[in-house]
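The structure under discussion appears below in the form of structure tokens.
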Amino acid sequence: MELHWSILFAMETIGTIAFASSGAMVAIEKNLDLLGVIVLGVTTAVGGGMLRDIIIGNIPPNLFVNPVYVFMALATVIILFLIIRFHRHFLFGRSRITYEKIMNIFDAVGLGAFTVVGIDTAVSSGYGEYHFLAAFLGVMTGVGGGILRDIMADQTPYILKKHVYASASIAGAMAYILLAGQISSDSAMIICSVLVVAIRLLATKYRWNLPTALGNIEKGDIVKDHESSL
């Protein structure tokens with residue numbers, strides 16, 4: 001059990017670094033100031049957990065009671081800010097490509113870990129029999145911070161338009177629901193996290209995307225088609 005939670009903590013740490021970095025990078029590319037970078041970075045890292053706790057009435061949210069992940073996110077954001085501030089070339093070329101590859105792996109691990117943490121929170125709070133709620137809290141913990149980041153950055157949430165992201169979290173959460181009554185809770189959560197990581201990495205490698213109603217039509221083409229029909 002102790003080993004299990006040690007591994008989970010390590011995964012959460014990796015995920016916190018990745019999520020904080022993604023939020024900070026969005027803020028940096030929008031040329032926000034240091035406070036803006038910190039807010040977006042930290043919100044991306046811990047926002048999902050905050051939403052989860054609010055939903056189940058866990059007040060104050062855990063991020064205020066046990067702010068270890070907030071401090072991790074803050075340190076990550078400030079380091080990234082300083083790197084970009086004094087080495088702007090990091091945003092371009094091979095450095096950026098290498099950074100994105102590493103962060104993609106970290107992000108996948110974090111998504112799996114946070115999905116499991118959300119489910120575990122539901123179980124430990126006495127909602128383990130409410131499988132839909134447990135799954136929802138798992139997904140919300142995994143993707144909620146990214147949704148808040150994109151809303152604050154005034155852009156369509158990434159999970160609604162690009163790659164299989166939230167879907168990976170949903171698949172892992174559903175796997176937990178199917179397995180929870182047949183194997184131990186710990187085993188179910190391990191399988192859940194591994195499945196999320198695997199789907200996320202495969203989706204990135206093979207560029208899996210969910211279908212859209214209009215296929216690959218660009219927004220500009222839609223506007224042109226509309227204007228030509230008038």
Side-chain angles (χ1 to χ4, degrees), residues 1-26 41 44-49 51-52 68-69 72-73 76 80 97-124 131 134-150 157-180 182-210:
M1 178 68 73
E2 184 177 346
L3 177 60
H4 167 67
W5 289 113
S6 296
I7 293 174
L8 187 59
F9 177 76
M11 291 175 65
E12 285 185 278
T13 299
I14 291 172
T16 298
I17 292 172
F19 284 20
S21 297
S22 71
M25 192 61 76
V26 169
T44 306
V46 301
L51 293 175
R52 173 202 66 216
V68 59
Y69 296 110
M72 283 184 190
T76 299
L80 184 60
I97 294 174
T98 301
Y99 163 82
E100 290 185 347
K101 287 181 178 179
I102 294 173
M103 284 301 107
N104 181 65
I105 296 174
F106 278 25
D107 183 86
V109 172
L111 182 62
F114 288 140
T115 299
V116 167
V117 168
I119 294 173
D120 179 70
T121 300
V123 174
S124 61
H131 291 160
F136 179 80
L137 292 177
V139 175
M140 180 57 65
T141 305
V143 306
I147 293 175
L148 292 176
R149 172 202 65 206
D150 293 337
Y158 178 85
I159 67 168
L160 301 181
K161 64 177 183 178
K162 192 72 173 176
H163 295 312
V164 175
Y165 195 89
S167 301
S169 182
I170 292 172
M174 293 301 296
Y176 172 82
I177 290 175
L178 294 174
L179 295 172
Q182 304 177 37
I183 60 178
S184 69
S185 178
D186 285 346
S187 296
M189 286 193 287
I190 291 173
I191 293 174
C192 165
S193 62
V194 170
L195 181 61
V196 172
V197 173
I199 292 175
R200 180 70 191 118
L201 292 178
L202 289 172
T204 302
K205 180 176 181 179
Y206 295 107
R207 299 184 180 276
W208 292 346
N209 288 291
L210 294 178

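Just so it is clear, the model here is predicted, and its values are computed rather than measured. Computed from heavy atoms alone, side chains included, the values below leave out hydrogens, waters and symmetry copies.
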Problem - Contact check, side chains of V26 and T44, non-hydrogen atoms, under 4.5 Å - result: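 Result no, sub-4.5 Å side-chain heavy-atom pair not found.
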
Problem - Heavy-atom side-chain contact between V109 and R200 under 4.5 Å - result: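 No, their side chains stay 4.5 Å or more apart.
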
What's the spacing between [X] [atom1] and [Y] [atom2] if we round to 0.5 Å?
X	Y	atom1	atom2	answer
M174	I170	CE	CD1	9.0 Å
I119	H131	CD1	NE2	10.5 Å
I17	L80	CD1	CG	11.5 Å
I199	T204	CD1	OG1	11.5 Å
L178	C192	CG	SG	11.0 Å
I159	D150	CD1	CG	8.5 Å

Practice task
Say whether S187 and S184, considering side chains only, have a donor N or O and an acceptor N or O under 3.5 Å apart.
Solution key: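 A pair is found: one side chain offers a donor N or O, the other an acceptor, under 3.5 Å apart.
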
Practice task
Using only heavy-atom distances, determine whether the side chains of T115 and S169 contain a donor-acceptor pair under 3.5 Å.
Solution key: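 Indeed, the side chains of T115 and S169 share at least one donor-acceptor pair under 3.5 Å.
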
Handout entry: Stepwise side-chain contact (heavy atoms from CB on, under 4.5 Å) test for I105 and I14
Key = CA-CA 9 Å; I105 296 174; I14 291 172; over 6 Å; no

Practice task
Could you please spell out the steps behind the side-chain contact (heavy atoms from CB on, under 4.5 Å) verdict for F19 and R149?
Solution key: CA-CA 10 Å; F19 284 20; R149 172 202 65 206; over 6 Å; no

Practice task
Test side-chain contact (heavy atoms from CB on, under 4.5 Å) on T76 and T16 and set out the steps.
Solution key: CA-CA 9 Å; T76 299; T16 298; 5.8 Å; no

Non-hydrogen atoms of [X] and [Y] that approach each other most closely:
X	Y	value
A171	L195	O-CD2, 3.7 Å
E12	A113	N-CB, 3.8 Å
A134	A122	CA-CB, 3.7 Å

Handout entry: Backbone of A18 reached by a side-chain donor or acceptor of D107 within 3.5 Å
Key =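 No; zero donor-acceptor contacts below 3.5 Å.
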
Problem - Sole candidate of I191, V116, V196, V123 that passes side-chain contact (heavy atoms from CB on, under 4.5 Å) when paired with Y176 - result: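 So the option named by the test is V123.
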
Exercise for the section: Output, in order, the C-alpha distance, side-chain angles, deciding distance and verdict of side-chain contact (heavy atoms from CB on, under 4.5 Å) for L51 and L148. Expected result: CA-CA 10 Å; L51 293 175; L148 292 176; 4.0 Å; yes

Practice task
Answer yes or no: does atom OH of Y99 have more than 12 heavy-atom neighbours from other residues, nucleotides or ligands under 6.0 Å?
Solution key: yes

